[in-house]
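Everything below concerns the one structure shown next.
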Amino acid sequence: MANKVISVRTVVAVGIGAALFFVLMRFVAIPSGVPNTNLNLASAILTVFAAIFGPLAGFLISFIGHTLTDLTWGGVWWSWVIADAVYGLLIGLFWKLYKIEEGEFGLKNAIIFNVIQILANAVAWLAIAPTLDILIYQEPADKVYLQGLVAGGLNSVVILILGTLLAFGYSRTKVKAGSLKAE
């Protein structure tokens, strides 16, 4: 029997995660005051899904969800889709450190989770997105680096608050290994 590249559970998570990402990004976006840059809750959902299901899920959820969102706005902005996908991948790479699925997401794990998400947001929104905007679309550097700074900062704050609360809440629904004892 061949090894599975992706489990059925992960495929379902990608479908649900991409759908939630799309709906939140498309219909629950709050303008930031910087053109084409919004505060949205989709980043928290993406981060928690990537932290639970790993790098492939994080990559696919953001790639599919962001692409679908952009298509409904008239065209795909590939620099931001790629940045989001890399962000999901980076968060997912460290999924075992968070221990959300094991029901052990505590203060130490929350700190690790947030340090990693802030660094991943910096990579995605201060390096990848603006640089690709300049290379692909010949956008002015001052404009795209401001957009990246605002997007990364807003995402980091949303994830720090909502993402951490979601991770704590979901983790509490999991039974810790060895917590059930026979009487």
field: Residue of the set N109, V115, N114 for which side-chain contact (heavy atoms from CB on, under 4.5 Å) holds with I111
entry: V115

message: For L41, run the side-chain contact (heavy atoms from CB on, under 4.5 Å) check against V158, L166, I30 and tell me which one passes.
response: V158

[X] [atom1] to [Y] [atom2] distance, which is reported to the nearest 0.5 Å:
X    : Y    : atom1 : atom2 : answer
L119 : I116 : CG    : CD1   : 8.0 Å
I45  : S62  : CD1   : OG    : 13.5 Å
L24  : F22  : CG    : CZ    : 10.5 Å
L126 : L149 : CG    : CG    : 6.0 Å
S43  : D84  : OG    : CG    : 8.5 Å
Q117 : I159 : CD    : CD1   : 4.5 Å

Does one side chain, of [X] or [Y], offer a donor that lies under 3.5 Å from an acceptor on the other?
X    : Y    : answer
R26  : T72  : yes
Y98  : T47  : no
N38  : S32  : no
D70  : W78  : no
Y170 : E101 : yes

Do [X] and [Y] share a hydrophobic cluster, counting only Ile, Leu, Val, Met, Phe, Trp and Tyr and linking them when any side-chain heavy atoms are less than 4.5 Å apart?
X    : Y    : result
L135 : I128 : no
L39  : I118 : no
L162 : V157 : no
L160 : F168 : no
V76  : V144 : no

Using every non-hydrogen atom in the two residues, find where [X] and [Y] come nearest and quote the distance to one decimal.
X   : Y    : answer
W95 : P55  : CD1-CD, 3.8 Å
V48 : A167 : CG2-N, 4.2 Å
A50 : G88  : CB-O, 3.6 Å
N36 : Q147 : CB-NE2, 3.9 Å
L46 : G58  : CD1-O, 3.4 Å
A18 : I64  : CB-CG2, 3.8 Å

task: Check the angle between the aromatic planes of F53 and F49 and answer parallel, tilted or perpendicular using the 30° and 60° thresholds.
output: tilted

field: Lys/Arg-Asp/Glu bridge criterion (N-O < 4.0 Å) met for E102, K174
entry: no

message: Show, in sequence, the C-alpha distance, side-chain angles and deciding distance for L90 and F59, and conclude whether the side chain to side chain contact (heavy atoms under 4.5 Å, CB included) test is met.
response: CA-CA 8 Å; L90 290 173; F59 179 87; over 6 Å; no

Side chains of [X] and [Y] in contact at under 4.5 Å (non-hydrogen atoms):
X    : Y    : result
I136 : W77  : no
L89  : L56  : no
I134 : Q138 : no

Is it the case that the side chain of [X] and the backbone of [Y] share a donor-acceptor pair, with hydrogens and angles ignored and the cut-off at 3.5 Å?
X    : Y    : value
T10  : I6   : no
S171 : F105 : yes
N40  : V28  : no

query: Quick check, are the ring centers of F113 and F94 under 6.0 angstrom apart?
result: no

message: Please tell me whether W125 and Y87 form a close aromatic pair, meaning their ring centres lie under 6.0 Å apart.
response: no

